[in-house]
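To start, the structure under review is shown below, and the notes come after it.
Note that the numbering runs from 1 along the sequence shown for the chain.
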Amino acid sequence: MEVSFHREIETLRLGAGDTFHGEGIMAVTKALLQSGVAYVGGYQGAPVSHLLDVLLQAEDLLGELGIHLETCTNEAAAAAMLAASINYPVRGAVTWKSIVGTNVAADALSNLSSAGVIGGAMIIVGEDYGEGASVIQERTQAYAVKSSVWLLDPRPELPTIVRMVEKGFELSEASATPVILELRIRACHVFGTFEASDNRRSEHSSANRFAEPARFDYARLSHPPVTFVQEADKVNRRLPAARAFIRENRLNETLGPEDGDIGIIVQGGMFNVLNGRLAEAGLSDAYGDIGVPTHVLNVTYPLVPEEIAAFCADKRAVLVVEEGGPDFIEKEIGQILRHAELGTKLHGKDVLPMAGEYSPVVVASGLSAFLTRYGRNEAARLDEWVEAVEAHSRTVARDLTAPLPPRPPTFCTGCPERPVFSAMKLLREEAGPVHVAADIGCHAFATFPPFSQGNSILGYGMSLASNAAVSGTQAKRPLSVMGDGGFWHNGLLTGVAGSVFNQDDSVLVIFKNGYTSATGVQDVPSSRPQGEGRGRGLDIESALKSLGVGWVRTVHSYSVSTMRKTLRDALGSGEKGPKVIIADGECQLARQRRVRPAEARAVAEGRRVVRTRFWVDPDVCTGDHACIRLSGCPSLTVKPSADPLKPEPVAHVNNDCVGCGLCGEVSHAAQLCPSFARIEIIRNPNGWDRFRARLSSALIRLFGGYAAPSAPDARPAPHPVPAE
């Protein structure tokens, strides 16, 4: 796993009278246990991938409480899990990354909402929007409105988050409707405290199973003609029930003074940003003691018309702080004011941008414009703060002697996917460009320099499907890349099965690195069952052949020459239909997390340990940096040349090198200069190791070479470093 939560998991056992201190994700998990859930599951994805990690690492505790845990193969499978709450009075929660995950789950989500639930059903999504986002800039609000699923957007502080989880289940049951709890990146990782409650066992769970299945009830199915009845029930019964529950339980908060001629309505998740800017204006403090009437929407759908109208009734103007577009909330508030025949002026997207993240500077500028329009002097303080921030940015830019070099995102050091793209780049120089369908995952980094390969990204595991029409309209066979996570998530059926059925003439490269690495190294069905993992070791090649793929080759990822030859064979093969290359190489992050502790224990026990790394001979390096352009490894960099006849910087391997061998492989495959040397660093060497090191040094000195450096200014040894 990316992070171990074993120490923090002990806080999940806290009970009534205890104070919980920790991270947002841990608080959500504790709230689930306090709510008496019977089952949990989900699909990993930032920013809530840690939630699934915590659940998996707390499996023993979940077992004690009788909670069924499911690692879902995709978000649609996670949403379908909630079907248990349609027929049975059990609470369930699933999690995934939004908006892309919600796209995948949309079909199951719509049917779940249509039928309604008996037990509380909650979807916890990471609202991956704005700074640090890794997906398209859309909002979950659209799905909530479309499917009539209630959307909770809690103020990012732990007591509010925990309360909204617990009340969210009650809201779901009171209105027979599933709810979505959305958490922005910062809310997932905010730290704080709250007063804990005892964990609750569900009346029925894996520890106390239902003796009989639910009776057949056609009205519980999402199937015409009953869906027409369900649609009316959403509007006539469930929506009013939800609004009544929200109002009676005060899920939304009105902060600040009771009186005031202007006010603010803000999404709960945006409150901290707004409060920080109000503090800069002298209208609040770090504790949220606001000086302007502010209505915080911890539930952004449905809105409660009576609440909105009551808040706006005595105000000249109200500012709606709604991040992103379309302006769902602002338009609905405008409609509420119109129906209530209120003359309150409504502002929002006229002073704040329609698109993009509402950063502190953006919110400060919009808030200043709103305050200025209504004669508030506090706007001047905000303008001064914005000017100070912008002046600092100008100063930094002016003081730089030269523009900072671009640093595009790239693969980790030693990543097994990089050599495949090196082989693809070499083949492109040899045979010309081909259409490359990229995919979601680590391999998307290949769209950046130095590889710059990829014509489309349509969805997780959908690269081969996105090449379907391309293969029928291009003279050259198109190429698709896909990770093993994407393969099991969507690619097996959406891509491979469809390609076999239609005999699409294209090439697919599957990166078998063993995990869904981009989200923190979680297991997939083909992961090896080891340690605390949940992998089952399913064989990708067997799965491909079972679907009728006849041309399958498995190649070691780090063998650039073999990979280039296999790609050439696939693109030029006379065989029709899909051709699949499995690039087999474990994620280096996962490997290092396993290998380094084992090596440290071995060294401590006095056992012989060999670590491999690479070195560049500065006397041989020509300084053309072709090796860097073809590999892009972060450990392969440059340093000043000591030779006055070679003014260009020479290549240099820093100490981050993990010894994957790609730089040497690339140099060999591309017939570059022979400046790379493989070095073995030996800990706890034996007698033979010491003898070889002495003999090697003696022979090098005999033939006029240089021994190992003994001083800071000594020349580096063009031979393996002596044993430690």
Side-chain angles (χ1 to χ4, degrees), residues 28 31-32 35-43 48 51 68 70 72 74-99 101-127 139-154 164-183 202 214 217 219-223 226-227 229-231 233-235 237-246 249 251 298-303:
V28 170
L32 292 175
S35 299
V37 293
Y39 63 95
V40 291
Y43 190 81
V48 289
L51 178 55
H68 175 71
E70 191 89 6
C72 303
N74 57 32
E75 297 86 356
M81 269 189 76
L82 296 173
S85 295
I86 294 176
N87 291 285
Y88 301 94
V90 291
R91 290 180 171 181
V94 295
T95 182
W96 60 67
K97 168 185 180 177
S98 200
I99 186 75
T102 309
N103 290 340
V104 175
D107 195 13
L109 197 57
S110 293
N111 286 296
L112 174 72
S113 176
S114 186
V117 294
I118 297 174
M122 178 175 290
I123 303 106
I124 301 166
V125 301
E127 188 75 348
R139 297 162 53 199
T140 307
Q141 186 91 16
Y143 276 94
V145 175
K146 175 189 75 66
S147 298
S148 295
V149 179
W150 317 143
L151 183 61
L152 315 180
D153 187 7
M164 294 305 293
V165 171
E166 295 175 337
K167 288 295 181 181
F169 282 108
E170 295 179 26
L171 170 62
S172 176
E173 291 164 348
S175 59
T177 304
V179 301
I180 297 175
L181 178 86
E182 68 174 21
L183 298 171
S202 174
D217 183 357
R220 308 301 300 164
L221 299 176
S222 301
H223 189 267
V226 75
T227 48
V229 177
Q230 294 169 353
E231 185 68 12
D233 188 51
K234 284 183 182 179
V235 177
R237 181 180 68 90
R238 288 156 58 180
L239 178 60
R243 284 174 167 160
F245 184 91
I246 294 166
N249 288 271
L251 299 190
N298 292 316
V299 182
T300 59
Y301 184 77
L303 298 183

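For the residue pair Thr177 / Arg238, a side-chain donor-acceptor distance below 3.5 Å is found, with atom types taken as modelled. Gln230 and Ser114 share a donor-acceptor pair across their side chains, judged by distance under 3.5 Å alone. Looking only at atom types and distance, the side chain of Tyr143 has a donor-acceptor partner in the side chain of Asn103 under 3.5 Å away.
Enclosure of atom CG in Asp217 by more than 12 non-hydrogen atoms of other residues, nucleotides or ligands within 6.0 angstrom is indicated.
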Run the side chain to side chain contact (heavy atoms under 4.5 Å, CB included) check on Val165 and Leu32 step by step: do they pass?
CA-CA 7 Å; Val165 171; Leu32 292 175; 4.0 Å; yes
Checking Leu171 against Leu152 for the side chain to side chain contact (heavy atoms under 4.5 Å, CB included) test, could you report, in this order, the C-alpha distance in whole Å, the side-chain angles of both residues, the deciding distance, and whether it holds?
CA-CA 10 Å; Leu171 170 62; Leu152 315 180; 4.0 Å; yes
Intermediate values then yes/no, side chain to side chain contact (heavy atoms under 4.5 Å, CB included), Ser113 and Lys234:
CA-CA 9 Å; Ser113 176; Lys234 284 183 182 179; 3.7 Å; yes
Would you please test Arg139 and Ile99 for side chain to side chain contact (heavy atoms under 4.5 Å, CB included) and show each step?
CA-CA 6 Å; Arg139 297 162 53 199; Ile99 186 75; 6.0 Å; no
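The two atoms that bring Gly36 and Ser202 nearest to each other are O-CB, 3.5 Å, heavy atoms only. Shown here for Ser98 and Val125, the closest heavy-atom pair between the two residues is CB-CB, 3.8 Å. Closest heavy-atom contact between Gly168 and Val179: O-CG2, 3.7 Å. Across Val299 and Met164, no two heavy atoms sit closer than the pair CG2-CE, 3.8 Å. The heavy-atom pair separating Lys167 from Phe245 by the smallest distance is O-CE2, 3.7 Å. The two atoms that bring Ala214 and Tyr88 nearest to each other are N-OH, 2.9 Å, heavy atoms only.
Distance check, rounded to the nearest 0.5 Å: CD1 of Ile123 to CG of Leu109 gives 5.0 Å. From Leu151, atom CG reaches atom OG1 of Thr140 across 6.5 Å, with rounding to the nearest 0.5 Å. The structure places OG of Ser172 at 12.5 Å from CG of Leu181, a figure rounded to the nearest 0.5 Å. Taking OG1 of Thr102 as the start and NZ of Lys97 as the end, the distance is 11.0 Å to the nearest 0.5 Å. Between Asp233 atom CG and Ser148 atom OG the span is 10.5 Å, to the nearest 0.5 Å. A distance of 11.5 Å separates OH in Tyr39 from CD in Glu70, rounded to the nearest 0.5 Å.
Side chains of Val145 and Pro302 form no contact here, defined as non-hydrogen atoms less than 4.5 Å apart. Considering only heavy atoms from C-beta on, Asn298 stays 4.5 Å or farther from Asp153 through its side chain. Using a 4.5 Å heavy-atom cutoff, the side chains of Val28 and Leu183 are in contact. In this structure, the side chains of Val37 and Phe169 come closer than 4.5 Å at one or more pairs of heavy atoms. The shortest side-chain heavy-atom distance between Leu82 and Val117 does not fall under the 4.5 Å cut-off.
With hydrogens and angles disregarded, no donor-acceptor distance shorter than 3.5 Å links the side chain of Ser175 to the backbone of Ala242. With hydrogens and angles ignored, the 3.5 Å screen pairs no side-chain donor or acceptor of Asn249 with any backbone N or O of Leu251.
For Arg220, there are no salt bridge (Lys or Arg N to Asp or Glu O under 4.0 Å) partners, not counting sequence neighbours. Checked against salt bridge (Lys or Arg N to Asp or Glu O under 4.0 Å), Glu173 has the following partners two or more places apart in sequence or in another chain: Arg91.
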